[in-house]
Enquirer: 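Sharing a structure, written as structure tokens. Questions coming.
Both counts, for ligands and for their atoms, begin at 1 and track the order of listing.
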Amino acid sequence: LPRHELNNLKIGVHGGLDYSEIQALGLAGDRILDFSVCCNPFPPASRVRQSLRRLKINAYPDSQSSELRSKISQKLGLSPDRILVGSGTTELIRMIALAYFNKGDCILIPGPVYGEYEAAARLAGAEVVVCRWPGWESGSVQITGLLDLVREQRPRAVFLCNPNNPTGHYLGWAEIETLMACLQDGLLVLDEAYLNFVERPWSSLPLIDNGSLIIIRSMTKDYGLAGLRLGYALAREDIIRVLRQVCLPWNVNVAAQQAGLAVLESDEYLRRSLRKIWQSKQFLVAELARIGWSPLPSQTHFFLVKVPNARSLRQALLRQGFLVRDCKSFGCPDYIRLSPRSLKDCRQLIDVLTRMKQKGELDEGS
Ligand SMILES: Cc1ncc(COP(=O)(O)O)c(C=O)c1O
């Protein structure tokens, strides 16, 4: 029999195409405009495509991703001993749980948030306390309620997503520093998967020396490498050493390591992509308001919109070639999450929604 932690463990729901669903509906996956996944919607940097032409795939990859770590280290001004590269941040989340969580440990997860923290903690046999950010629907999230819970529950770890998926709220330095002080020797896992999409980001790196902090960052979102899987963890040397003990050998394949090196030289690609993404976000927010919906304020590129029937809207749009994220799995069944694409794609989505509105298909109960 499998371990009892697997009983009732929910399989993660994510944005992006569900290939079996697409096939069952008789749709062509490459024709669907995907607004459900929060990645850079533009083709990867040309340097990435070039780097993938000279891969040596008949040798195992460097288990330590040494060259990539060294490049990240130069970029961030942080010692390579404080960096661990993973096959996406999701792998790093699993490693953290495997390395640090004991059976019965209390793990605090403020939500609505990315579902993989809970899955990793439950797999490790930990007790998960999921709380809700007060004020998440009004866009004015307060940390005080979370601090009270930390004092009351004394969790072994807190997972905090900043900026938060799916709400897009973004906490500042003082709030994170206060939370760390409140946690004392508890671990803070600070997920900055979407940091590059924030218009005015601040650097959490100096906080690494303040206590037990692991920062995780994804390279699959901003640089459009979702198919390759790439991310990294930043923490004190002793924490990185522990994570290495549970890390699989050869965890990052050769293609991902090469692409990682190439994107770190592609600052202009990132700047250009972000400019277009923010322009598209502005357009979408304004046009959705014209349709009669009010997107929640978000400090990153994606945002939530309350709609009359999220699930059936998702289905209706999918049949017309548009994919949006129905937020039921986040515990927000009344919302969809949209991530901007090119202006041309956004116009197409708005045109379809406008036509649906004219036909009364966006009304309550339709
Ligand atoms: C908040 C958050 N963290 C991490 C991830 C995983 O990203 P990666 O592709 O790096 O595993 C996601 C993916 O959706 C996410 O939303």
Side-chain angles (χ1 to χ4, degrees), residues 10-18 34-41 44 48 65 68 72 83-98 109-121 130 133 136 141 157-171 176 188-198 201 204 214-234 243 247-248 251-253 255-257 259-260 263-264 298-304 323-327 329-332 335-340:
K10 283 187 240 141
I11 304 224
V13 177
H14 300 284
L17 299 184
D18 173 342
D34 186 359
F35 291 81
S36 75
V37 74
C38 303
C39 295
N40 186 332
V48 171
S65 300
L68 182 53
I72 295 170
I83 303 168
L84 177 67
V85 182
S87 192
T89 38
T90 308
E91 187 196 26
L92 295 161
I93 292 165
R94 290 282 168 104
M95 279 191 224
I96 293 166
L98 185 61
I109 305 179
V113 78
Y114 186 50
E116 290 297 329
Y117 314 141
E118 183 173 345
V130 180
W133 283 109
W136 72 269
V141 160
V158 172
F159 278 98
L160 206 131
C161 187
N162 205 39
N164 188 60
N165 174 17
T167 59
H169 71 256
Y170 183 52
L171 300 177
I176 302 296
L188 176 64
V189 183
L190 187 62
D191 183 346
E192 296 186 336
Y194 299 104
L195 185 70
N196 271 337
F197 294 96
V198 175
S204 54
I214 304 177
I215 300 166
I216 50 178
R217 290 185 180 168
S218 179
M219 294 172 82
T220 63
K221 321 280 182 193
D222 34 14
Y223 295 111
L225 303 181
L228 290 179
R229 321 293 307 121
L230 196 60
Y232 55 85
L234 308 169
L243 294 180
C247 178
L248 280 179
N251 66 322
V252 183
N253 68 63
Q257 291 192 34
V263 293
L264 291 175
S298 149
Q299 286 162 79
T300 183
H301 60 315
F302 55 77
F303 55 87
L304 291 175
L323 183 57
V324 300
R325 177 73 153 91
D326 150 22
C327 293
S329 69
F330 287 110
C332 316
Y335 286 86
I336 56 166
R337 188 192 63 201
L338 288 177
S339 185

Enquirer: For the ring pair Y335 and W136, is the centre-to-centre distance below 6.0 Å?
Expert: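 Between W136 and Y335, which both carry aromatic rings, the centre distance is below 6.0 Å.
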
Enquirer: Please confirm whether the backbone N or O of P201 pairs with a side-chain atom of N196, one donor and one acceptor, at under 3.5 Å?
Expert: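 Looks like no, no N/O pair under 3.5 Å.
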
Enquirer: Using a plain distance cutoff, I'd like to know if S218 has any nitrogen or oxygen under 3.5 Å from a nitrogen or oxygen of ligand 1.
Expert: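 There is such a contact, yes.
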
Enquirer: Tell me the protein heavy atom at minimum distance from atom 3 (N) of ligand 1, and give that distance in Å.
Expert: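 Scanning the protein heavy atoms, the shortest distance from atom 3 (N) of ligand 1 goes to D191 OD2, 2.6 Å.
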
Enquirer: Taking the side chain from N165 and the backbone from Y114, do they hold a donor-acceptor pair closer than 3.5 Å?
Expert: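 Here the side-chain-to-backbone pair does not exist.
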
Enquirer: With a 4.0 Å cut-off on heavy atoms, is G88 touching ligand 1?
Expert: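 Within the 4.0 Å threshold, so yes.
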
Enquirer: Note the single closest protein heavy atom to atom 7 (O) of ligand 1, along with its residue, its atom name and the distance in Å.
Expert: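 It is T89 OG1, 3.1 Å.
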
Enquirer: Heavy atoms only, cut-off 4.0 Å: how does N165 contact ligand 1, side chain, backbone, both, or neither?
Expert: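 For N165, the contact with ligand 1 is made by the side chain alone.
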
Enquirer: To the nearest 0.5 Å, what is the distance between SG (C38) and CG (D222)?
Expert: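 Rounded to the nearest 0.5 Å, the SG-CG separation comes to 12.0 Å.
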
Enquirer: Donor-acceptor check, side chain of T300 to backbone of F302, threshold 3.5 angstrom: yes or no?
Expert: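 No: the side chain of T300 does not pair with the backbone of F302.
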
Enquirer: Determine whether the side chain, the backbone, both or neither of E91 has a heavy atom under 4.0 Å from any heavy atom of ligand 1.
Expert: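 Under 4.0 Å from ligand 1, E91 contributes no heavy atoms.
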
Enquirer: Donor-acceptor pair, S339 side chain versus F35 backbone, under 3.5 Å?
Expert: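 No; zero donor-acceptor contacts below 3.5 Å.
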
Enquirer: Looking at A193, which atoms of ligand 1 are within less than 4.0 Å of one of its heavy atoms?
Expert: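 So the atoms of ligand 1 that pass are 2 (C), 3 (N), 4 (C).
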
Enquirer: Please could you name the atoms of ligand 1 that C161 approaches to less than 4.0 Å, counting only its heavy atoms?
Expert: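 Close to C161: 1 (C).
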
Enquirer: Between Q257 (side chain only) and V252 (backbone N and O only), is there a donor and an acceptor less than 3.5 Å apart?
Expert: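 Checking the backbone N and O of V252 against the side chain of Q257, a donor-acceptor pair under 3.5 Å is found.
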
Enquirer: Sub-3.5 Å donor-acceptor pair from the side chain of N251 to the main-chain atoms of V85, do we have one?
Expert: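 Yes.
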
Enquirer: Does some non-hydrogen atom of K221 fall short of 4.0 Å from ligand 1?
Expert: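 Yes, K221 has heavy atoms under 4.0 Å from ligand 1.
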
Enquirer: Out of E192, H14, R217, R229, indicate the one that has the non-hydrogen atom closest to atom 11 (O) of ligand 1.
Expert: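 Shortest heavy-atom distance from atom 11 (O) of ligand 1: R229.
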
Enquirer: Between M219 and ligand 1, which residue portion shows a heavy-atom distance shorter than 4.0 Å: side chain, backbone, both, or neither?
Expert: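 Neither; no heavy atom under 4.0 Å.
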
